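Contents: one structure, followed by commentary.
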Amino acid sequence: CLDLGTMLWERIKKNGICPTKRAGSTIVTHKKNAVAFGGVVDHEVEDNIYSEFFNDMFNFKMDKRRWFPMVIRNPGSKGPGIMGQT
């Protein structure tokens, strides 16, 4: 976690349901939330490498330093809206 006041990085403890290790994910921020989508991880089995692509979303609450998985809901479904925490 980067402290913008001091420009120093701080390792934070995993809290909540975190995304797995991956590269190439997209992260956007809004107010005190950071939303991460997708990504990829490469697996090596013997002489073969295969890629596992993710189509999932996670919300990091910056003030609580806690991860939550997110789901996309159909507009006609019951629930807290288009996107909600599970």
Side-chain angles (χ1 to χ4, degrees):
C1 180
L2 177 62
D3 183 328
L4 295 176
T6 62
M7 295 305 289
L8 295 174
W9 285 96
E10 174 189 354
R11 184 176 298 267
I12 59 173
K13 182 179 172 182
K14 290 181 184 179
N15 196 5
I17 300 174
C18 305
T20 58
K21 292 182 180 181
R22 59 189 71 191
S25 60
T26 300
I27 299 178
V28 296
T29 60
H30 178 69
K31 296 184 180 179
K32 295 182 180 182
N33 297 291
V35 177
F37 172 76
V40 62
V41 64
D42 292 330
H43 301 281
E44 187 173 346
V45 179
E46 296 178 4
D47 291 335
N48 297 315
I49 296 176
Y50 69 94
S51 299
E52 179 182 2
F53 293 90
F54 296 99
N55 188 25
D56 53 3
M57 290 179 24
F58 291 86
N59 183 16
F60 182 70
K61 298 280 190 181
M62 290 185 264
D63 55 344
K64 298 179 191 225
R65 295 187 174 192
R66 186 174 181 89
W67 285 99
F68 297 91
M70 298 180 73
V71 296
I72 299 174
R73 302 194 190 283
N74 290 329
S77 69
K78 294 180 180 178
I82 300 297
M83 286 190 289
Q85 296 172 359
T86 58

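Heads up: numbering here begins at 1 and tracks the sequence. The figures that follow rest on heavy atoms only: side chains count, while hydrogens, waters and symmetry mates do not. All values derive from a computational prediction rather than experimental measurement.
Neither Leu2 nor Leu8 shares a network with the other; the hydrophobic side chains, linked directly or stepwise wherever heavy atoms of I, L, V, M, F, W or Y lie under 4.5 Å apart, form separate groups for each.
Arg66 CZ to Lys13 NZ: the interatomic distance, rounded to the nearest 0.5 Å, is 10.5 Å. Note that OG1 of Thr29 is 12.5 Å distant from CZ of Phe60, once rounded to the nearest 0.5 Å. Here CE of Met70 is found 13.0 Å from CD1 of Ile17. Values are rounded to the nearest 0.5 Å. If you take CZ on Phe68 and CG on Asn15, they are separated by 8.0 Å, rounding to the nearest 0.5 Å.
Sparse packing is recorded around NE2 of His30, with 12 or fewer heavy atoms of other residues, nucleotides or ligands lying under 6.0 Å away. Counting heavy-atom neighbours within 6.0 Å of Asp63 CG, excluding the residue itself, gives a total above 12.
Shortest non-hydrogen contact noted between Lys31 and Met62 is O-CE, 3.5 Å. Nearest approach of Phe54 to Val41, heavy atoms of both residues: CE1-CG1, 3.8 Å. When every heavy atom of Ala36 is checked against every heavy atom of Trp67, the shortest pair comes out as CB-CZ3, 4.4 Å.
Two residues are said to be in side-chain contact when any heavy atoms from C-beta on lie closer than 4.5 Å; Met57 and Asn59 fail this criterion. Using a 4.5 Å heavy-atom cutoff, the side chains of Val40 and Glu52 are not in contact. At a threshold of 4.5 Å between non-hydrogen side-chain atoms, the residues Phe37 and Ile27 do not count as touching. Taking the side chain as every heavy atom from C-beta outward, Phe58 and Asp56 approach each other to under 4.5 Å.
Checked by atom type and distance alone, the side chain of Arg22 pairs as donor or acceptor with a backbone atom of Gly38 at under 3.5 Å.
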message: As a quick check of understanding, evaluate side-chain contact (heavy atoms from CB on, under 4.5 Å) for His43 and Ile49, giving each step before the final call.
response: CA-CA 5 Å; His43 301 281; Ile49 296 176; over 6 Å; no
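Partners of Glu46 according to the side-chain hydrogen bond (donor to acceptor under 3.5 Å, both in side chains) rule, which considers only residues two or more places apart in sequence or in another chain, do not exist here.
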